K.L.:
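Below you will find the structure I want to go over with you.
As the structure is a prediction and not an experimental result, all values here were calculated from the model. By convention in this document, chain letters (A, B, ...) are assigned in the order of the sequence lines, proteins followed by strands, and residues within each chain are numbered from 1.
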There are 2 protein chains.
Amino acid sequence: MTRAQQKERTRRAIIDAAFAQLSPDKGFSSLSLREVAREAGIAPTSFYRHFADMDELGLTLVDEAGLMLRQLLRQARHRIEKNGSVIRTSIETFMEFVVGNSNVFRLLLRERSGTSAPFRRAVAREIQHFCAELADYLRKETACPDEFAQVQAEAMVTLVFHAGADALDASPELRLQITHRTITQLRWLAHGAAGYGRRPKE
Amino acid sequence: MTRAQQKERTRRAIIDAAFAQLSPDKGFSSLSLREVAREAGIAPTSFYRHFADMDELGLTLVDEAGLMLRQLLRQARHRIEKNGSVIRTSIETFMEFVVGNSNVFRLLLRERSGTSAPFRRAVAREIQHFCAELADYLRKETACPDEFAQVQAEAMVTLVFHAGADALDASPELRLQITHRTITQLRWLAHGAAGYGRRPKE
DNA sequence: AAAATTAGCTTACATCTGTAAGCTAACTGT
DNA sequence: ACAGTTAGCTTACAGATGTAAGCTAATTTT
């Protein structure tokens with residue numbers, strides 16, 4: 001194995017260790033370099049061969065999370081083609097992601113309103129990408145007036161993310177209820193935007 | 001001055017010191033007992049005469065923040081009586097609160113998706129109170145069907161809180177744009193809930 | 001084959017943390 | 001007036017943390 005390969009492998013070990021140490025009770029900011037290094041199986045100071053900072057590692061994690069988010073969107077579109085019900089399918093797909101990758105979703109949730117401005121910006125950027133892709137979809141595939149697609153997409157993402165956050169702490173049955181609630185909210189929004197949206201006074 | 005009064009005064013000094021040390025770059029979890037004590041003008045160990053834990057102090061802060069939130073709602077109702085435009089007035093009132101008490105609002109935002117389950121629950125409880133009061137208002141004063149008032153209120157609060165979070169990092173002009181966007185979103189929602197809401201299929 | 005690079009290690013240090021132990025002095029109830 | 005309570009202080013300690021300095025050994029380059 002070449003040295004570059006070994007290095008890349010260790011880098012992944014660090015990233016995976018960091019993700020693994022996130023939990024409902026432990027956010028990125030309370031991760032310590034030493035603990036991450038320990039879990040990755042390297043000496044504390046070796047960490048610096050791969051990242052200048054814990055911050056640099058954190059931004060890498062956010063990037064990876066954003067990537068997963070975009071993959072999720074494509075997956076949802078796939079399912080919609082076969083299934084039909086746009087809103088329901090989208091929300092159910094999202095909920096599966098949240099439950100199956102709760103650490104990743106939690107990272108985004110927390111750093112979105114976290115204490116580091118660079119982190120907040122990084123998360124905002126990822127979510128904005130997500131919104132933009134959704135807005136494109138709304139323009140192409142639904143009755144939403146073009147000029148309101150962006151605003152509608154943002155509202156939808158806000159509501160769905162919030163539902164995801166609620167679902168993280170919820171029992172499976174409560175989670176169904178949250179899903180149901182969110183479907184209702186998004187339908188109202190879609191209906192309102194399609195009709196009333198044409199004349200948003202002032 | 002009686003001893004009880006002096007104690008209460010120190011207690012307030014601690015609470016105020018904690019609020020003062022919150023900032024865009026520093027959340028509650030990264031507050032240290034020692035620093036708070038220093039700012040409150042007492043020795044580190046004297047802290048324990050007032051709170052068992054930092055956690056206990058934190059929950060007290062959340063309580064106070066919730067109180068302010070409810071006062072805000074009353075203030076908004078006052079203004080609406082004189083002004084008429086329900087949605088616009090409410091959002092503008094909320095935005096003033098966010099900008100004028102950014103530390104308080106940030107506390108709620110962060111601890112809502114924070115690392116401590118008790119904190120999350122405490123914030124959720126405060127926000128739920130807020131939602132319930134708003135739902136009451138919607139039932140009494142608007143065309144919203146009774147059985148959907150709660151779901152609508154939750155969506156509205158979600159969107160408005162999110163707008164507040166965005167506004168925290170925004171320039172004044174961007175803040176206006178956010179306000180405008182949120183007004184549009186809430187109007188869609190209200191319209192959708194009043195019409196389409198009567199038949200939310202499945 | 002010799003030289004240069006570098007991933008990772010060990011050791012070391014200064015700093016900050018929460019909190020335990022025990023003291024003082026002022027207030028309170030009787 | 002006197003005994004009890006307690007708010008606050010000082011001192012002390014045992015971690016944990018980030019990171020600097022310098023070494024080793026293996027891979028790359030020349």
K.L.:
Is the ring pair A:F130/A:F161 parallel, tilted or perpendicular, if the boundaries are 30 and 60 degrees?
P.N.:
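The arrangement is perpendicular - the two ring planes meet at more than 60°.
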
K.L.:
Generate the contact string for nucleotides 21-30 of chain D. Rules: B means base contact, S means sugar-phosphate contact only, - means no protein heavy atom under 4.0 Å.
P.N.:
B----BBS--

K.L.:
For DNA chain C, whose closest nucleotide is more 5', that of A:I42 or that of B:P44?
P.N.:
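Counting from the 5' end, the first nearest nucleotide belongs to A:I42.
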
K.L.:
Which of residues 11-29 of chain B have a heavy atom under 4.0 Å from DNA chain D?
P.N.:
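Here the set is empty: none.
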
K.L.:
Name every donor-acceptor pair, under 3.5 Å, that has one atom in a side chain of residues 68-79 of chain B and the other anywhere in the protein, sequence neighbours excluded.
P.N.:
| residue | atom | partner | partner atom | Å |
| --- | --- | --- | --- | --- |
| B:R70 | NH2 | B:E126 | OE1 | 2.7 |
| B:R79 | NH1 | B:E96 | OE2 | 3.3 |
| B:R79 | NH2 | B:E96 | OE1 | 2.6 |

K.L.:
Suppose we screen for ring pair (Phe, Tyr, Trp, His ring centres under 6.0 Å). Which residues come up paired with B:Y137, at least two apart in sequence or across chains?
P.N.:
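Residues passing ring pair (Phe, Tyr, Trp, His ring centres under 6.0 Å) with B:Y137: none at all.
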
K.L.:
Check nucleotides 16-18 of chain C against the protein and report each pair of N or O atoms closer than 3.5 Å, with its distance, or say if there are none.
P.N.:
| residue | atom | partner | partner atom | Å |
| --- | --- | --- | --- | --- |
| C:dT17 | OP1 | B:S32 | OG | 3.2 |
| C:dG18 | OP1 | B:L33 | N | 3.0 |
| C:dG18 | OP2 | B:L33 | N | 3.4 |
| C:dG18 | OP2 | B:R34 | N | 3.4 |
| C:dG18 | N7 | B:R34 | NH1 | 2.3 |
| C:dG18 | O6 | B:R34 | NH1 | 3.0 |

K.L.:
Got a salt bridge between A:R12 and A:E64, using NZ or NE/NH1/NH2 to carboxylate O under 4.0 Å?
P.N.:
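Yes, charged N to carboxylate O under 4.0 Å.
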
K.L.:
Measure from CD on A:Q5 to C1' on C:dG8 and round the result to the nearest Å.
P.N.:
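So the two atoms are 18 Å apart, to the nearest Å.
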
K.L.:
Distance check needed: C:dA25 C1' versus B:Q6 CD, whole Å only.
P.N.:
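That distance rounds to 14 Å.
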
K.L.:
A:F105 vs A:F94 aromatic rings, parallel, tilted or perpendicular, using cut-offs 30° and 60°?
P.N.:
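A:F105 vs A:F94 ring planes: perpendicular.
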
K.L.:
Between the side chains of A:K26 and A:E35, is the shortest nitrogen-to-carboxylate-oxygen separation below 4.0 Å, so that they form an ion pair?
P.N.:
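A salt bridge links A:E35 with A:K26.
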
K.L.:
Using atom NZ of B:K7 as one end and atom C1' of C:dT28 as the other, report the distance to the nearest whole Å.
P.N.:
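Result: 14 Å.
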
K.L.:
Salt bridge between B:D166 and A:R120, side-chain N to carboxylate O under 4.0 Å?
P.N.:
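No, B:D166 and A:R120 are not salt-bridged.
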
K.L.:
Tell me whether B:D169 is salt-bridged to B:R175, with the criterion being a basic N under 4.0 Å from an acidic carboxylate O.
P.N.:
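Judged by the 4.0 Å cut-off on N to carboxylate O distance, B:D169 and B:R175 do not form a salt bridge.
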
K.L.:
Looking at B:E56, I'd like to know if its CD atom is crowded, meaning that more than 12 non-hydrogen atoms belonging to other residues, nucleotides or ligands lie closer than 6.0 Å.
P.N.:
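Above 12, so yes.
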
K.L.:
Going by side chain to side chain donor-acceptor pair (under 3.5 Å), name the pairs with one or both residues in residues 141-154 of chain A, residues two or more places apart or in two chains.
P.N.:
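Passing the test, one end in residues 141-154 of chain A: A:Q150-A:E154, A:E154-B:R181.
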
